[in-house]
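Naming convention: chains lettered A, B, ... in sequence-line order (proteins, then strands); numbering from 1 in each chain. Predicted model, so just to flag it, every value in this text is computed and none were measured.
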Amino acid sequence: MKKIINNPSNFVDETIDGLIKSHPNIYSLASDNTRVITRAIKSSNKVGLVTGGGSGHLPVFTGYVGKGLLDSCAIGSVFASPSVEQIASAIRNANNGNGVLCILGNYGGDVMNFEMACEIVRDEGIETKTVIVADDIASAKREEKEKRRGIAGMIFVFKVAGALAETGASLQDVFEIAIETNSNIRTLGVALSPCILPEAGKPTFEINDDEIEIGMGIHGEPGISREKLKSANDLTDNICNRILNDFNLTDQEIGLMINSLGATPLEELYIVSRRVVENFNKKNIKIFKNYVGRYATSMEMAGMSVTVLKLNNNIKENLLAPTNCPFWTN
Amino acid sequence: MKKIINNPSNFVDETIDGLIKSHPNIYSLASDNTRVITRAIKSSNKVGLVTGGGSGHLPVFTGYVGKGLLDSCAIGSVFASPSVEQIASAIRNANNGNGVLCILGNYGGDVMNFEMACEIVRDEGIETKTVIVADDIASAKREEKEKRRGIAGMIFVFKVAGALAETGASLQDVFEIAIETNSNIRTLGVALSPCILPEAGKPTFEINDDEIEIGMGIHGEPGISREKLKSANDLTDNICNRILNDFNLTDQEIGLMINSLGATPLEELYIVSRRVVENFNKKNIKIFKNYVGRYATSMEMAGMSVTVLKLNNNIKENLLAPTNCPFWTN
Amino acid sequence: MLNKENLIIILDKLFDQSKKYYDDFNSADAKIGDGDLGITILHGLEEIQKNKVSFNNDMGENFMICSKAFVKRSGSSFGTLIAFSLMNISKKIDGKKECDHHDIVTIFEIALKTILDRGKTKLGDKTIADTLNLIIHKIKKSKNYNHEIKSACTKALENFKGKKILVGRARMFEDKTTKFDDPGMFALKKLSEIF
Amino acid sequence: MLNKENLIIILDKLFDQSKKYYDDFNSADAKIGDGDLGITILHGLEEIQKNKVSFNNDMGENFMICSKAFVKRSGSSFGTLIAFSLMNISKKIDGKKECDHHDIVTIFEIALKTILDRGKTKLGDKTIADTLNLIIHKIKKSKNYNHEIKSACTKALENFKGKKILVGRARMFEDKTTKFDDPGMFALKKLSEIF
Ligand SMILES: Nc1ncnc2c1ncn2[C@@H]1O[C@H](COP(=O)(O)OP(=O)(O)O)[C@@H](O)[C@H]1O
Ligand SMILES: Nc1ncnc2c1ncn2[C@@H]1O[C@H](COP(=O)(O)OP(=O)(O)O)[C@@H](O)[C@H]1O
Ligand SMILES: [Mg+2]
Ligand SMILES: [Mg+2]
Ligand SMILES: [Mg+2]
Ligand SMILES: [Mg+2]
């Protein structure tokens with residue numbers, strides 16, 4: 001694994017600069033913080049949506065700033081939480097007097113920093129609410145869902161809440177649909193190979209050539225079990241079973257996301273997706289829409305995750321609502 | 001590099017099946033050929049657009065079937081040309097009496113098989129025209145542009161011709177804009193690491209840990225020069241210079257595509273894109289729209305390519321026209 | 001007694017220690033978490049080093065400088081908790097040129113309170129809070145800070161051997177975690193060896 | 001004279017040879033192309049093996065079976081050119097139980113014509129067409145097919161040493177190609193060793 005980079009310590013700043021220079025109609029740098037990205041055309045009459053988190057997961061987090069999705073994003077270093085100051089700036093930039101909803105993944109540093117930032121801006125008169133996405137079923141038991149890590153499912157929350165916010169809905173309403181969406185999501189992933197942190201120049205973890213780790217986190221956190229590399233079908237069956245054990249989806253309508261962690265190619269995602277669709281069809285689970293691609297990555301890590309979002313009419317409508325973002329195809 | 005696959009000899013068929021099962025509203029299997037994909041909702045009153053080529057390059061080729069883009073695609077094995085029979089089926093499926101335009105990359109097997117297929121369907125009364133995309137400046141001298149390989153630039157031809165076809169334009173008109181678009185495209189890429197052919201189970205070529213190959217083809221064909229791994233900026237400058245030496249773009253308006261061959265992550269693409277934009281701005285080249293992502297890949301190969309499309313009002317309009325395809329964001 | 005001079009000495013020693021145990025901290029964390037604890041500690045202390053030229057006689061300001069430095073380079077739970085603690089400590093000892101015994105106890109008490117508040121955790125969860133709690137307990141009784149801190153850090157680690165880790169990234173491993181030290185507690189023990 | 005029986009013997013031997021030189025063909029092609037020539041040849045001949053149960057006394061049909069088999073598994077220039085050639089040959093010798101001297105010359109002539117037509121190439125471009133041309137030249141004069149084919153394949157390769165490859169994927173390397181054999185010509189030489 002080789003990287004096309006300059007000085008590793010400029011990795012994040014150059015990535016941000018590249019994103020803005022490449023899509024100047026979508027993204028803009030906050031005037032008060034070099035690690036905060038906002039929409040190029042700010043919205044004026046809606047709840048602001050803010051996220052933030054470590055770099056190295058594009059399109060997560062920054063990529064999902066755009067009409068119909070988020071208003072701003074605080075960007076940490078690779079795999080590291082943004083600071084309280086950065087988050088506070090992101091919130092201020094997203095606020096246009098209608099309150100701000102923060103949507104973030106459940107990681108200790110992020111959660112604490114967002115909390116602190118919300119306290120700071122509250123003193124400035126900005127009302128905020130926070131939804132902590134916790135979709136990774138590998139990371140805590142079902143009874144402790146709120147303790148789970150947030151991974152690819154986060155994007156569904158961005159999308160659904162983002163669409164509702166665009167209609168001018170109240171902070172409370174946007175908050176509620178985000179909470180509901182989060183509680184309707186389950187994700188399980190598998191890692192096949194590590195990625196290289198630009199500054200460290202070495203792999204984040206080690207894994208044998210014939211091994212995979214089910215439930216490994218997007219920063220290389222240990223998963224549920226390390227197993228021998230198996231066929232795509234066996235692996236997919238295992239993942240589907242674990243998800244369905246966690247979450248009864250029989251006769252339900254769902255949105256599906258088959259997400260590559262980076263290096264795993266579309267061809268393999270479709271081999272997995274095929275099996276997921278077959279398995280779910282057997283359980284009479286109706287797949288309303290299937291998102292196959294790289295939605296939440298760990299740079300060039302090999303692996304993939306399967307996310308299900310249980311739908312209702314409200315969520316469905318918001319899922320399909322138009323966006324203006326290079327990483328979301330309507 | 002590990003693969004999530006089943007029996008390697010089913011790789012292509014399962015990929016196709018997965019694509020259709022995942023997006024049943026977009027793709028459909030031809031009734032007469034298991035290696036031909038058509039639109040789920042066939043068009044009835046327009047020129048048919050057909051492509052074809054080897055597997056392992058998703059979204060190229062099959063992915064670009066969809067409203068506003070292609071009508072059908074003949075799918076070969078990994079990195080191998082589809083057969084005459086498959087191509088003939090793809091043409092028949094795309095035809096609704098208004099003639100068919102074949103758009104393909106310049107590879108010996110593909111070119112010959114398309115030619116033969118066109119002869120066969122001509123005897124059945126289907127009028128065809130063919131545009132052979134040749135955008136890879138590494139693969140032949142400027143004076144012999146028509147001998148160049150076709151790589152990522154192909155997608156711009158699909159898009160522009162696809163949009164015009166959708167308006168009901170004649171075969172001749174669609175052919176002409178495709179020819180014009182092709183002549184307005186230049187691409188240069190760099191490979192950092194090989195990919196693994198599912199059946200062979202081993203890398204397509206070898207390259208040292210500290211080396212890159214400029215101009216390497218998407219099947220591992222040798223490029224212009226093998227060089228030491230260098231900074232993203234130096235590499236990008238080199239690529240930009242070679243493109244601009246081949247193609248005078250000063251004061252022109254262009255579409256840009258910064259394409260990953262697979263494993264190279266978005267972060268790195270944006271570091272490259274940033275530099276391309278800076279370099280082009282200095283030359284007063286106006287970037288109308290920038291497409292950054294995985295548009296034409298070689299499975300999990302690491303590397304990227306830069307494509308420029310010189311624009312005029314006609315091409316521009318067609319570039320922006322709406323599509324319905326999971327791999328194209330308007 | 002703590003003043004600018006011995007604060008600097010302590011920070012220098014901690015910085016050395018963080019370099020020495022960089023890999024150990026990372027791998028202790030990698031067993032159950034994301035493996036960045038060494039990075040977090042090293043980066044925070046490194047940034048403090050860069051900023052200690054601004055240290056002055058107001059210990060409150062010095063702690064604020066440390067807090068800001070930690071916040072700047074660290075993006076993980078440990079760093080965040082330390083940064084919050086340093087900030088709250090800074091407010092409490094604002095204007096003081098030196099910290100007497102009472103202040104020193106207060107410093108640790110504020111750190112503990114901050115961590116429990118911000119970390120939404122409780123004593124007994126097997127985190128750095130438990131180590132701090134034991135430190136406070138011990139230095140309340142004895143001014144032999146060096147000895148007490150060192151022995152508290154060691155003792156706390158021992159006390160929790162065989163217990164489950166209940167917060168942070170480790171929570172999901174449940175029973176498996178009984179065989180691991182909490183990485184933060186482990187790091188405090190190693191860092192305390194400077195005393 | 002060529003009939004079903006000796007066609008099968010030839011195909012069996014070619015198949016063995018394609019296994020033996022699989023890597024060599026791939027790497028000869030990889031130097032200047034995409035490295036799939038060994039795959040192309042092996043897959044084509046393998047598929048013929050699977051289908052030779054359908055061989056019958058009509059040599060035209062047998063060649064058509066070979067053509068279809070080649071088309072099925074091979075997706076590269078060499079395979080396509082061979083498949084087209086086999087198809088055209090099949091039409092010409094349709095209904096024949098055996099091919100006499102004249103037919104054998106015709107087989108090679110049709111192959112050459114097909115390759116030049118379909119490949120849009122000309123003699124002297126350093127391709128398999130040049131090898132075929134020399135074979136035709138030689139077997140027109142002598143019925144010692146085995147010897148003539150083998151020596152023509154060797155001679156053709158030698159004749160083009162130091163010359164530029166002007167078609168296929170190699171074209172772009174210009175002068176660099178003078179030091180390489182054309183992979184297709186190289187493969188024909190190795191395959192001809194069965195004779
Ligand atoms: N909520 C919390 N409350 C108290 N201590 C915590 C909490 N979260 C983490 N810690 C401490 O920090 C250590 C992990 O630090 P770090 O690696 O920086 O966290 P992470 O990478 O998981 O965000 C743990 O071993 C624990 O001692
Ligand atoms: N247009 C052509 N005309 C004649 N021979 C050709 C042509 N293209 C390729 N060949 C022959 O085929 C060989 C390469 O075969 P192959 O590897 O199957 O091609 P590809 O480049 O499509 O992978 C060349 O060495 C050459 O002898
Ligand atoms: Mg950690
Ligand atoms: Mg961390
Ligand atoms: Mg080849
Ligand atoms: Mg080939």
Restricting to non-hydrogen atoms, name the atom on [X] and the atom on [Y] that form the minimum distance, rounded to 0.1 Å.
X        : Y        : answer
A/Thr329 : B/Cys325 : CG2-O, 3.3 Å
B/Asn290 : A/Ser22  : CB-O, 3.3 Å
A/Glu300 : B/Pro265 : OE1-CG, 4.0 Å
A/Glu267 : B/His57  : OE2-N, 3.2 Å

Residue [X] versus chain A: region with a heavy atom under 4.5 Å:
X        : result
B/Leu235 : side chain
B/Pro198 : neither
B/Ile4   : both
B/Arg294 : side chain

Practice item. Using non-hydrogen atoms and a 4.5 Å limit, figure out which bit of A/Pro24 sits close to chain B: side chain, backbone, both or neither. Key: neither
Practice item. Sort A/Leu229 into side chain, backbone, both or neither according to what part of it lies under 4.5 angstrom from a heavy atom of chain B. Key: side chain
Review point. Taking the six-membered ring for Trp, are B/Tyr270 and A/His23 ring centroids under 6.0 Å apart?
Key: yes
Check your understanding: Under a 4.5 Å heavy-atom cutoff, which of B/Glu278, B/Lys230, B/Met304 has the most pairs with chain A?
Key -> B/Glu278
Does atom [atom1] of [X] have more than 12 heavy-atom neighbours, drawn from other residues, nucleotides or ligands, at distances under 6.0 Å?
X        : atom1 : answer
B/Lys202 : NZ    : no
A/Ile41  : CD1   : no
B/Lys316 : NZ    : yes

Point to revise | Option that, when pairs with chain B are counted at under 4.5 Å, heavy atom only, ranks first among A/Ile258, A/Ile5, A/Thr323, A/Val277 | key: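 Looking at each of A/Ile258, A/Ile5, A/Thr323, A/Val277 in turn, A/Ile5 comes out on top.
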Point to revise | Partner chain B: residue of A/Gly293, A/Gly63, A/Gly262 with the largest heavy-atom pair count (under 4.5 Å) | key: A/Gly262
Check your understanding: Are the side chain of B/Lys2 and the backbone of A/Ile212 linked by a donor-acceptor contact shorter than 3.5 Å?
Key ->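 Between the backbone of A/Ile212 and the side chain of B/Lys2 there is no qualifying donor-acceptor contact (under 3.5 Å).
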Practice item. Please confirm whether the backbone N or O of A/Ser231 pairs with a side-chain atom of B/Asn6, one donor and one acceptor, at under 3.5 Å? Key: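 No, the answer is negative, given that no donor and acceptor are paired below the 3.5 Å cut-off.
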Review point. Hey, which residues of residues 9-17 of chain A are touching chain B, say heavy atoms under 4.5 Å apart?
Key: A/Phe11, A/Glu14, A/Thr15, A/Asp17
Check your understanding: Quick one: does A/Val292's side chain get under 4.5 Å of B/Pro326's, heavy atoms only?
Key -> no
